[in-house]
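Structure first, commentary second.
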Amino acid sequence: MTALLETRGVWQRFGGLIANSDVSISVGRGEIVGLIGPNGAGKSTLFNLIAGVLPPTQGSIIFDGEDVTNLPAAARCQRGIGRTFQVVKSFETMTVIDNVIVGALVRNTVMREARRKAHEVLEFTGLAARADVLASDLVPAEKRRLEVARALATEPKLLLLDEVLTGLTPTEAQTGVALVRKVRETGVTVLMVEHVMEIVMPLVDRAIVLDLGKVLAEGKPSDVVRDPNVIKAYLGDRHAVGA
Ligand SMILES: Nc1ncnc2c1ncn2[C@@H]1O[C@H](COP(=O)(O)OP(=O)(O)OP(=O)(O)O)[C@@H](O)[C@H]1O
Ligand SMILES: [Mg+2]
């Protein structure tokens, strides 16, 4: 069975800065994969390249058996790449339901159908009771969930989550973890960026570590957290095993 997503030798340069350097990763159908790494490692940049916000400087992106490298973001969304943004991008002056309808319109051109889909997603994400409030009135944890809801309303095959559990209380984070598991149970593949190891490691099937734009390590979460190179990247030389 082929992977749902593959990046092949992907580079992204911003002037002299190399944000992604020869990144080749793959995500299998039905997997939850964690993309981790220190600040500035290039995680959000890689998400942008996968979602089509930016074309890579070099390399290719294969999604669901198709080379999508030259497709714009909207076309990739149509093919089933849904994403959230690290900086919450809800339409603050719109209601929660209308925010989700924006996502649902990707696949439903009839408004009534889009509204029905949006309601279904609000139920699924636990936001149904907040459907008619303004997005600006949501608490931070609900705003993150709204981001997930809007992405789910596009009916993705692959959901890219950029730090949706960051900055939440432990209880809110566990609610988020349960939601990610529930999303996967519906057959959606998940690639997620997350900083808090205690939250992300028990959740993911596999972890990929980026550091300085490169893939530093990849494997089972329990192996990755013990990898001396990973410990060094996160904590500095002092903490490296054997140092
Ligand atoms: N549009 C841009 N123009 C110039 N430099 C950029 C741009 N986007 C990202 N960078 C730089 O690329 C590097 C990687 O940034 P990126 O946001 O991908 O990291 P990240 O791993 O998501 O970090 P964080 O954990 O802080 O979110 C950083 O040095 C950043 O400043
Ligand atoms: Mg980021």
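In this chain, residues are counted from 1 in sequence order. All figures in this text were calculated on a predicted structure; none of them were measured in a lab. Both counts, for ligands and for their atoms, begin at 1 and track the order of listing.
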### Task
Kindly give the cluster partners of Leu212, where membership spreads through any ILVMFWY side chain lying under 4.5 Å from a current member.
none
### Query
Which ligand 1 atoms, with their elements, are less than 4.0 angstrom from a heavy-atom of Glu163?
25 (O), 27 (O)
### Message
Can a side-chain donor-acceptor contact be found between Arg83 and Asn48 if the only test is distance below 3.5 angstrom?
### Response
yes
### Query
Between Arg29 and Asp64, does at least one N-O distance fall below 4.0 Å, as a salt bridge requires?
yes
### Query
Nearest protein heavy-atom contact for atom 26 (O) of ligand 1: which residue, which atom, what distance?
Asn39 ND2, 2.9 Å
### Task
Compare all side-chain heavy atoms of Glu155 with those of Lys117 and state whether any distance is below 4.5 angstrom.
yes
### Query
At a 4.0 Å cut-off, with the gap strictly under it, does some heavy atom of Gly37 reach an atom of ligand 1?
no
### Summary
Note on the Mg ion (ligand 2): protein N/O/S atoms within less than 2.8 Å are Ser44 OG, Gln86 OE1
### Query
Is ligand 1 under 4.0 Å from a heavy atom in the side chain of Leu17, in the backbone, in both, or in neither?
side chain
### Protein heavy-atom partner closest to atom 14 (C) of ligand 1 - residue, atom, separation in Å
Gly40 O, 3.4 Å
### atom 25 (O) of ligand 1 - nearest protein heavy atom and its distance
Lys43 NZ, 2.8 Å
### Message
If you count every heavy atom of other residues, nucleotides or ligands that lies below 6.0 Å from Lys220 atom NZ, does the total exceed 12?
### Response
no
### Query
Which atom names give the shortest non-hydrogen contact between Val23 and Gly213, and what distance separates them?
CG2-O, 3.2 Å
### Task
Report, in ascending order of atom number, the atoms of ligand 1 lying under 4.0 Å from any heavy atom of His195.
25 (O)
## Note on the structure
Closest heavy-atom pair, Asp98 versus Arg115, reported as atoms and distance to 0.1 Å, is OD1-NH2, 4.1 Å
### Query
Is there side-chain contact between His195 and Val200, with heavy atoms separated by less than 4.5 Å?
no
### Task
Ignoring hydrogens, tell whether any protein atom lies closer than 4.0 Å to atom 31 (O) of ligand 1; use the non-hydrogen atoms only.
no
### Message
What I want to check is whether the side chains of Asp162 and Ser44 have a donor and an acceptor closer together than 3.5 Å.
### Response
yes
### Query
When you check the gap from the basic side-chain N to the acidic O, do Glu113 and Arg116 get nearer than 4.0 Å?
yes
## Note on the structure
Smallest heavy-atom separation, Leu134 atom then Thr93 atom, equals CD2-O, 3.5 Å
## Note on the structure
re atom 19 (O) of ligand 1, the protein heavy-atom contact at minimum distance is Gly42 N, 3.3 Å
### Message
Name the residue from Arg144, Arg150, Lys143, Arg145 that meets the side-chain hydrogen bond (donor to acceptor under 3.5 Å, both in side chains) definition with Glu147.
### Response
Arg150
#### Entry: Minimum-distance protein heavy atom relative to atom 6 (C) of ligand 1
Phe14 CD1, 3.2 Å
### Query
Among all protein non-hydrogen atoms, which one is nearest to atom 16 (P) of ligand 1, and what is the separation to 0.1 Å?
Thr45 OG1, 3.6 Å
### Message
Suppose we measure from atom 17 (O) of ligand 1 to each protein heavy atom; which comes out shortest, and what is that distance?
### Response
Ser44 CB, 3.8 Å
